[in-house]
2 protein chains.
Amino acid sequence: MAKLAGVSAATVSRALADSELISSKTRKRIQELAQAVGYTVNPAARTLRTRQSHTIALILPLGHEKSQHLSDPFFMVMLAYLADEVSQRGYNLLLRRIEPQQDAWLKQIIASSRVDGVLVIGQSDQAAVLQEVGSSYEPMVVWGQWSSGQSYVSVGADNISGGRLAAEHLLNRGRKRLAFLGNTDVPEFAARYEGFKTMLPPEIYEAHVLVPTHLTAQDAFSAAAQLLVEHPDIDGVFAASDVVAMSVIQAAAAGGRRVPQDISVIGFDDVPIAAQSNPPLTSIRQDLEEGAKLMCELLFRRMKGETCSSVRLPPELVVRDSA
Amino acid sequence: MAKLAGVSAATVSRALADSELISSKTRKRIQELAQAVGYTVNPAARTLRTRQSHTIALILPLGHEKSQHLSDPFFMVMLAYLADEVSQRGYNLLLRRIEPQQDAWLKQIIASSRVDGVLVIGQSDQAAVLQEVGSSYEPMVVWGQWSSGQSYVSVGADNISGGRLAAEHLLNRGRKRLAFLGNTDVPEFAARYEGFKTMLPPEIYEAHVLVPTHLTAQDAFSAAAQLLVEHPDIDGVFAASDVVAMSVIQAAAAGGRRVPQDISVIGFDDVPIAAQSNPPLTSIRQDLEEGAKLMCELLFRRMKGETCSSVRLPPELVVRDSA
DNA sequence: CAGGATTTTGCAAACGATAGCAACAACAAT
DNA sequence: ATTGTTGTTGCTATCGTTTGCAAAATCCTG
């Protein structure tokens, strides 16, 4: 208690809050003293009193993938940007991985009043939970596929047009026998597949293959290897993520196929390693930096009680060597 | 306040804490009631009273690299494992990226008493700060290079012997003109380089090249490209991390060099994408899962006041196709 | 059934900060 | 000198828990 330095606790509190109520000279004196003795306000007490935790929860629902996932480059890039944005605003980031057993998880986090706002990365298979919470709880922003009628604010790439871009590019490359690798249980990936399908001419559509796979490198590798054996005439692959695309390339190499001569591979996300893979990956880019900025901006606006609407970011085709 | 349900606040508190002081039937009744009305204890109040936040700070000092870094797969893999371990113990993870301006950052975090313990990933160039804090503050565990006389507990791979393994392997492959790519300002990387050098016979030692580079894909790529131009006879590269190694492979491909026929490349870490790169990466593996487990275990033991000593984990050579 | 031993519960004081209100000082105006 | 105005500061209640201690309720035993 820095009140041992002359004044009352109230004065100290106000001085450190830079309140105009305190004369500038005592204010400065107290601030310097606090600095000198290394005094910091106790955040728990402050939170208790002001009902503001200055903390944002970052939630990663892992409904569809038990393991891995967090180490997917997409997550880490997103997380890095979000961490920056949030801490720039002087808030803390509380990290939570969720493996939803019961549906109460979100409500509990909110009810515990430990956080002032919630960021969710990927709706996974938890759309119902988000929908319910979203209608009554404002300070929440979700990264993911937008769907009409959703009660919560979301930010995400327009996955459908992303899928279209991918299909278009493969067709432009003269590819005829196409495959999509991904987990269509997840809304984002389902939308990518939807957009992809809409661009295919009938005869190519008939012949295309959907390969369900989890978004881990291992799963994708074996799924791709199996695909290449069962459908040796496949000459174009749209992967639901860059990690999957890299696994496809590796499986192709293992099966004696050259990329892009024998088979074109296009990924999604355009994470940093996409440019560093061999061959460099052609990918559908989502601007995660922009996305993270938007998420935070919307979140803080909602925290102030403003209303704001969801945003869909236009994805972009980045052509490198793999397709 | 669930005390509207018959009893006093004290009784509720004790019932929810499963205290033996409360008769089992009222205890059960209150617990079920709390469940039903969705009551959760206010963590701020509890923290204020008990002086325990049930929160662990995870700190990423970015002294040596302004940007990127967090999105390095190494960090994310580590973070994923640590998040698991910490939440398994019922604790929260508070994430902090630090770009040290002044040396007080660590003290401030600790003094704010927001956290019960601190995990630091990588000492970066902050060894002095850690050293000072470590001597008086127990609940802190650092991932990084061990050095004799350090005041804090650390967990980390034995980077020196890791460097030796890499050198040994390149020599076994018959490579004569070697290079190390990495930032030797960081203790971990410096140790890798040290170990590497000790294994080189005099004539190879004389001819080897140290290429300073930041640990980002972009920097490493241009550093590698430049190296291959300036020293076209280089036939073996030890990269300080897998991301750097992938950039080297890409630069080699861009320069018309084949890996591993013309040039051997060996990485460090063995992150998941190492196996997925093309060609699959030979790497020095550090067992990050084991490391994360150890860090948490030691941290919680220190939080209980036990003393325990630092751990150095033996790294392991994983041979794939790149070297 | 009294009295002691033993559960079971409630009272009240913290924990450290914030904010409404009142008090006090300083100063100007009448 | 009295009053009013403005600028500073202190008093005190409060946020929601936990916990030592005391009170009340229950049980046991002679």
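All of these numbers come straight from a predicted model, not from anything done at the bench. The sequence lines fix the lettering, A, B, ..., with proteins before strands; numbering per chain opens at 1.
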Heavy-atom closest contact (B/Arg27 atom, B/Ile22 atom, distance): NH2-O, 3.1 Å
Whether A/Gln131 side chain and A/Ser151 backbone form a donor-acceptor pair below 3.5 Å: yes
Passing candidate, side chain to side chain contact (heavy atoms under 4.5 Å, CB included) with A/Tyr81, options A/Glu290, A/Met295, A/Glu289, A/Met76: A/Glu289
side-chain N/O A/Tyr39 vs C/dA17 OP1/OP2, d < 4.0 Å: yes
Sugar-phosphate, base or nothing in reach of A/Thr40, heavy atoms under 4.0 Å: sugar-phosphate
Under 3.5 Å, which protein N or O atoms sit close to an N or O of nucleotides 13-15 of chain C? Give each pair with its distance.
unit_1, atom_1, unit_2, atom_2, d
C/dA14, N3, B/Arg49, NH1, 3.2
C/dC15, O3', B/Arg51, NH2, 2.8

Results of side chain to side chain donor-acceptor pair (under 3.5 Å) for B/Trp105 - residues two or more places apart only: B/Gln126
Derivation and outcome, side chain to side chain contact (heavy atoms under 4.5 Å, CB included), residues B/Val186 and B/Leu215: CA-CA 10 Å; B/Val186 179; B/Leu215 282 246; over 6 Å; no
Shorter than 3.5 Å, N or O on both sides, protein versus nucleotides 7-12 of chain C: list them out with atom names.
unit_1, atom_1, unit_2, atom_2, d
C/dT9, OP2, B/Ser23, N, 3.2
C/dT9, OP2, B/Ser23, OG, 3.4
C/dT9, OP2, B/Thr26, OG1, 3.1
C/dG10, OP2, B/Ser8, N, 3.0
C/dG10, OP2, B/Ser8, OG, 3.2
C/dG10, OP2, B/Thr11, OG1, 2.5
C/dG10, N7, B/Arg14, NH2, 3.3
C/dG10, O6, B/Arg14, NH2, 2.6

Distance-only side-chain donor-acceptor flag, A/Asn159 / A/Gln145, under 3.5 Å: yes
CD-CG distance between B/Gln88 and B/Asp84, expressed to the nearest 0.5 angstrom: 6.5 Å
Atom pair distance, as rounded to whole Å: CZ in A/Arg46 and P in C/dA19: 9 Å
Check: A/Ser154 side chain, A/Ser310 main-chain N or O, donor-acceptor pair, under 3.5 Å: no
